[in-house]
Protein chains: 2
Amino acid sequence: MAGKRLVTPRKEPSQRRSRELVDIILKATARVLLKDGYEGCTTNRVAEAAGVSIGSVYQYFPNKESLVVRVMERHQEKLRAVLSEHLLTLQNATLQQAVKTLVRAMLDVHRVEPKLHRVLMEQVPRIGALKALHAQHAAYEPLVVAWIESHRDQLDVPDAKMATWLLIAAVDGVLQRVFLDRPSSLDEEQLATELERLIVSYLRGVT
Amino acid sequence: MAGKRLVTPRKEPSQRRSRELVDIILKATARVLLKDGYEGCTTNRVAEAAGVSIGSVYQYFPNKESLVVRVMERHQEKLRAVLSEHLLTLQNATLQQAVKTLVRAMLDVHRVEPKLHRVLMEQVPRIGALKALHAQHAAYEPLVVAWIESHRDQLDVPDAKMATWLLIAAVDGVLQRVFLDRPSSLDEEQLATELERLIVSYLRGVT
DNA sequence: CCGCGACGCGAGTATTTGCTCACGTTCAGC
DNA sequence: GCTGAACGTGAGCAAATACTCGCGTCGCGG
């Protein structure tokens, strides 16, 4: 009988006023997350920050978790938009060019509302939405695999799937760290160059 | 006047019985973390799991956070022990050998109580202890930097510090991911080999 | 203009949480 | 064995939290 926790809205807003309300609530949630972190992000505080009654919040969100999940989803939609835009340009590019645009793309992705991104990555305990994030990453994998396989002659990669997984994990790990510690001494341009070197070296292989 | 939150014990256990008590409490905390996650890890539940009065918990721990912090610290002491042991062997090793032992070392590190490790990494919101972890990583950086610089003739690295930072971030990111998703299809031996390839390629450079 | 459903409100509730404190128990030194 | 300090207990408190519900308001089809 222990039903799962709902994260879907309990009522779909139909009139314009209510759709705006939902937007206001979500923006307030993001603000509270930034200001007070996840632990301090209570439903009452969100309602207050939104200038909205707590009852109104529960009209469209079944519980606290669903609020944060929706904020994450919205954020990731933006990220995906940015990434997709870049990915279009790498159809017929050289190895160097392709890697370059990919690295810049991922750096760009992390520049979308970096503070919110940081809080979401850093503080939000792993709620369901994180699986969605990994699933999204996984969605891009076949693209990269295909690209690698179509350039096999220039590369030295025994297992395209493995290489893809490894590269995505590595690059993502690096970016994660850059935007968590933000070592100010770190020049972003240099970082990009080195990341490119890392990827190209690995793909080209050595004897 | 808003004092910082204490994480140091409010009273040092002096007799043997009480020292054992502290140990029991910390082990119970770890168990509860595993079973109920961070959110579900309440002081009352920890006391119950330890078969100990809630009052006894507060005799040695000033608040809930300090419990988790101590668990993290203990865990990391173990990790550091494992890593240090491995690092001793790479004084005068070839590039290939050194990288190999390093990769194995880091894989080994993640095998110490992996379930606890996962919960700590995944669920524990970033409390003070995480900074300690990064500081610890940073502590090993100079070692690697020195090693790189002493092997400069065999390598192609413009900036040793940058390269070190990047490699540690990348490898750590990969391992993080391995032990979070645990894609069972992933052969650990193959992963180690590929990680070595990644590192060696980057350090050797390509034209 | 009317009526009804969607909308918005916020005081209030039930529960949970971290934590205290007054009191009983064990231990070490004499 | 006696004594005082260290230890251990758990009922219970103050505060916070997620969430409800009855009521007033708005807006759209007719």
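Lettering of chains follows the sequences in order, A, B, ..., and the numbering in each one begins at 1. In what follows, every heavy atom counts, from backbone to side chain, and hydrogens, waters and symmetry copies are set aside.
Checking B:Glu194 against A:Tyr202 by side-chain atom types alone, a donor-acceptor pair falls below 3.5 Å. There is a side-chain donor-acceptor pair under 3.5 Å between A:Tyr140 and A:Ser84.
Between the P atom of C:dT20 and the CZ atom of B:Phe61 lies a distance of 15 Å, rounded to the nearest Å. Computed from coordinates, the B:Asp36 CG to C:dT17 P distance equals 10 Å when rounded to whole Å. Between the CG atom of A:Leu67 and the P atom of D:dA18 there is a distance of 10 Å, rounded to whole Å. Across the protein-nucleic acid pair, B:Asn63 atom CG and D:dA15 atom C1' stand 16 Å apart, rounded to whole Å. Atom NZ in B:Lys64 sits roughly 15 Å away from atom P in C:dT16 (whole-Å rounding). Atom OH of A:Tyr58 is separated from atom P of D:dC21 by 13 Å (rounded to the nearest Å). Between the C1' atom of C:dT26 and the CZ atom of B:Arg16 lies a distance of 13 Å, rounded to the nearest Å. Rounded to an integer number of Å, the gap from A:Arg19 CZ to C:dA6 P is 15 Å.
With A:Val57 as the fixed residue, the side chain to side chain contact (heavy atoms under 4.5 Å, CB included) test singles out one of A:Asn63, A:Asn44, A:Ile25, A:Val22: A:Ile25. Considering A:Arg74, A:Lys78, A:Lys27 as possible partners of A:Glu113, the one that fulfils the salt bridge (Lys or Arg N to Asp or Glu O under 4.0 Å) test is A:Lys78.
For the pair A:Ser18 (side chain) and A:Leu21 (backbone), a donor-acceptor distance under 3.5 Å is absent. Between the side chain of A:Thr101 and the backbone N or O of A:Gln97, at least one donor-acceptor pair lies under 3.5 Å.
The minimum heavy-atom distance linking B:Leu175 with B:His110 is given by the pair CB-NE2, 3.6 Å.
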What string of B, S and - do you get for nucleotides 1-11 of chain D 5' to 3' if you count protein non-hydrogen atoms under 4.0 Å?
-> -----SBBBBB
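Residue-to-nucleotide proximity on DNA chain C shows that, of B:Cys41 and A:Asn44, the 5′-proximal contact is made by A:Asn44.
Between B:Gln176 and B:Asp172 the shortest side-chain heavy-atom distance falls below 4.5 Å.
Five base pairs at each end of the helix from C:dC1-D:dG30 to C:dC30-D:dG1 define two local axes, and these are offset by 20° (rounded to 10°).
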Tell me, with the steps shown, if B:Glu73 and B:Arg70 meet side chain to side chain contact (heavy atoms under 4.5 Å, CB included).
-> CA-CA 5 Å; B:Glu73 285 176 357; B:Arg70 276 300 296 146; 2.7 Å; yes
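B:Thr43 has no side-chain polar atom (N or O) that falls below the 4.0 Å cut-off from OP1 or OP2 of C:dC19.
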